[in-house]
Amino acid sequence: MREIDYDEMIARLRDEFEVGAYPGKNPEDDEIPTRSPFKVLISTVLSQRTKDINTHRASEALFSEYETPKELAEAPLEEIKDLIEPSGFYNVKAERVKRIARRIHEEFDDQVPEDLRSLLDFKGVGRKTANCVLVYGFGEPAIPVDTHVHRISNRMGIADTEDPEETEKILEEEIPKRFWIEINKLMVEFGKNICQPRKPKCERCPLTDMCWYYEEVYVDEDR
Ligand code: SF4
């Protein structure tokens, strides 16, 4: 495992990506809106396998008509499908969000539960989505590991893992808890702009001196 100065790493990422990403956020907006845990949960489900702008459009359309768990639980399924169509996979996603809303309304008194185990019990909610709700909905320290966080952690040498769940465990061990809340938004933005999936832009990266890939692969390729 690589020794990394996380104070320094986070400071450099903060310098470049002050705002960061956020499920359902308008990619063209510089502001991160305050959102209820319910909206974060639904937006994160809608964000699965689609682009940010599509998640944003679908979320805005849905919440303009149905804002609360009760309203969404009682909404006609076909109408939900129409509203969230921009997010893709809208048949499955419409059923998911309606079912989640119904359980929150009926079993949790319209309040999204604030613990990981209860969140994971909702169909269609995995660890990434549940951790997003904790971080972006409740302001609780957690590390949502999506494809960007997983890839960057492995490229840098922080983790040497096959799947995001293992990466989450390593990151929780390695990264001081005071940084957990912002790791996802910083790494996601970093992954979209610099440490991109196919070809990382190492020449523009502020973290080269901390990165395994840069030392072992990029520099050699460049020779
Ligand atoms: Fe990613 Fe390259 Fe930066 Fe390493 S040096 S974190 S591979 S962009």
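Just follow the structure's listing: the first ligand is 1, and inside any ligand the first atom is 1.
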Side chains of Glu174 and Lys169 in contact at under 4.5 Å (non-hydrogen atoms)
no
Quick look: Cys211 vs ligand 1, heavy-atom contacts under 4.0 Å, and the answer is side chain
- Task: Could you walk me through whether Arg57 and Asp52 pass salt bridge (Lys or Arg N to Asp or Glu O under 4.0 Å), step by step?
- Result: CA-CA 9 Å; Arg57 287 191 186 128; Asp52 292 351; over 6 Å; no
When distances are taken from atom 3 (Fe) of ligand 1, the protein heavy atom at minimum range is Cys205 SG, 2.3 Å
Which atoms of ligand 1 are found less than 4.0 Å from any heavy atom of [X]?
| X | result |
| --- | --- |
| Tyr213 | 7 (S) |
| Tyr214 | 5 (S) |
| Arg155 | 7 (S) |

Next on the checklist: Just checking: Cys202, one of its N/O/S atoms, less than 2.8 Å away from atom 2 (Fe) of ligand 1, yes or no?
Outcome noted: yes
Margin query: Under a plain distance cut-off of 3.5 Å, with no hydrogens placed, do Glu168 and Asn131 share a side-chain donor-acceptor pair?
Written below: yes
Q | Side-chain donor-acceptor contact under 3.5 Å, Asn184 with Tyr136 | A | yes
Phe190 near ligand 1 by a heavy-atom separation under 4.0 Å = yes
The reported gap from CD in Gln48 to OG1 in Thr129 (rounded to nearest 0.5 angstrom) is 4.5 Å
Run the ring-centre check on Phe38 versus Phe108 and record whether the distance is less than 6.0 Å.
no
Does Cys195 bring an N, O or S atom to within less than 2.8 Å of atom 1 (Fe) of ligand 1?
yes
